[in-house]
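I have placed the structure first, in the form of structure tokens, so that the comments after it can refer back to it.
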Protein chains: 2
Amino acid sequence: MISDRLSATFAALADPTRRAILARLVSGEASVTQLAAPFEISMPAISKHLKVLERAGLIARGHEAQWRPCRLKAGPLKDVADWAEHYRRYWTESFDRLDDYLRDVENREKKHGYGKHGDKRKRA
Amino acid sequence: MISDRLSATFAALADPTRRAILARLVSGEASVTQLAAPFEISMPAISKHLKVLERAGLIARGHEAQWRPCRLKAGPLKDVADWAEHYRRYWTESFDRLDDYLRDVENREKKHGYGKHGDKRKRA
DNA sequence: GATGTATTTAACCTCTAGGTTAATTATGCC
DNA sequence: GGCATAATTAACCTAGAGGTTAAATACATC
């Protein structure tokens, strides 16, 4: 079980099915069956996804006869947005802190350099 | 392995150690040993976290002698921020779509209602 | 080339995530 | 009460996450 709220939120959002469920809930309350319709997975699987979303505080659930309608609770998403905002200047600097390391790195690029999987290039 | 980029990003961010590493990288490039310092886990564990961050495109790695300095790559965080922004109006509506369901729900709250774990309350 | 430092890889462990099918619970309707 | 529908719980499976320790790799220096 994930203790801190932000981790629980990110973990809940890491699954595309769950993000799709949230997206669906934007257009209003829905039953479990309705939420399950677009997916090929079983009902219990959907049920588990909903439990994860509920634990993360991203949905709330009601009771109407045998239905348990879900609705969006976007509160934790504000935390996500706020958290990401702290990094805005780093994605704004066109290439991630480009200015910071250009002088350091570029003028010694024959020796070092940032490659995808380390330095496997031939060296002159 | 996670196929879509957004899922990989969220999954990477779901771990507090990894978020702390990103936060540290805001103050500039750092070696693996430097990044590991604040934590009690082993070097291989840190190495794995860095691999996750690298795969998610959140860091880039260099080569300097036996060091593999890391730097922040905030690109994917913009996607996170953009994604979250779509839900702004739902967390802005003070209590998550409050207006949408107040009429529907509140006037039948004796029968139904949104509780933490379903309707376990006594009914009149 | 031996030694020391930085880091990764290998091999392993445990726990959990995400899925399944079958059974159970809750409710409305006849 | 009996049946149909909605959803959850139970029991199970597999793959992967996150951690460990020990061994291997890469580089600088003496």
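Each chain gets a letter, A, B and so on, in the order the sequences are listed, and its residues count up from 1.
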Exercise. Show your working on side chain to side chain contact (heavy atoms under 4.5 Å, CB included) between B:Val80 and A:Tyr87 and close with a plain yes or no.
Key: CA-CA 11 Å; B:Val80 167; A:Tyr87 293 88; over 6 Å; no
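Residue B:Ser47 places no side-chain N or O under 4.0 Å from the OP1 or OP2 atom of C:dT7. Applying the 4.0 Å criterion to OP1 and OP2 of C:dG19, one finds that A:Ser42 has every side-chain N and O outside that range. The shortest distance between the side-chain N/O atoms of B:Lys51 and the OP1/OP2 oxygens of C:dT9 is below 4.0 Å. Distances shown here put a side-chain N or O of A:Arg61 below 4.0 Å from the OP1 or OP2 atom of D:dT8. For D:dG18, the OP1/OP2 oxygens have a side-chain nitrogen or oxygen of B:Arg18 closer than 4.0 Å. Residue B:Thr33 has no polar side-chain atom (N or O) positioned under 4.0 Å from OP1 or OP2 of C:dA6. Residue B:His49 places at least one side-chain N or O closer than 4.0 Å to OP1 or OP2 of D:dG19.
B:Met43 CE to B:Ile46 CD1: the interatomic distance, rounded to the nearest 0.5 Å, is 7.5 Å. Atom CZ of B:Arg61 is separated from atom CZ of B:Arg71 by 12.0 Å, given to the nearest 0.5 angstrom.
Nearest to the side-chain atoms of A:Pro44 among the listed nucleotides D:dT9, D:dG18, D:dT20 stands D:dT9. Listed nucleotides: C:dA26, D:dA11, D:dG19. Nearest to the side chain of A:Arg68: C:dA26. For B:Ile41, whose side chain is taken as the heavy atoms from C-beta onward, the closest listed nucleotide among D:dG19, C:dA22, C:dG28 is D:dG19.
Look at CD1 on B:Ile46: it is 17 Å from P on D:dA17, rounded to the nearest Å. The interatomic distance linking B:Leu50 (CG) with C:dT8 (P) rounds to 7 Å, in whole Å. Computed from coordinates, the B:Lys48 NZ to C:dT7 P distance equals 18 Å when rounded to whole Å. When the C1' atom of D:dT8 is taken as reference, atom CH2 of A:Trp67 falls 16 Å away, rounded to whole Å. One can place CG of A:Asp15 at 9 Å from C1' of C:dA17, the figure rounded to the nearest angstrom. Across the protein-nucleic acid pair, B:Gln66 atom CD and D:dA28 atom P stand 7 Å apart, rounded to whole Å. Protein atom CE of A:Met43 is 15 Å distant from nucleotide atom C1' of C:dA23, rounded to whole Å. As a whole-Å value, the separation of B:Glu40 CD from D:dT21 P is 13 Å.
The hydrophobic clustering, which links ILVMFWY residues whose side-chain heavy atoms are closer than 4.5 Å, places B:Leu6 and A:Trp91 together.
Note: A:Phe10 and B:Phe10 have tilted aromatic rings, judged against thresholds of 30 and 60 degrees for the angle between ring planes.
Using a 4.0 Å heavy-atom criterion, one finds that A:Thr17 contacts no nucleic acid atom at all.
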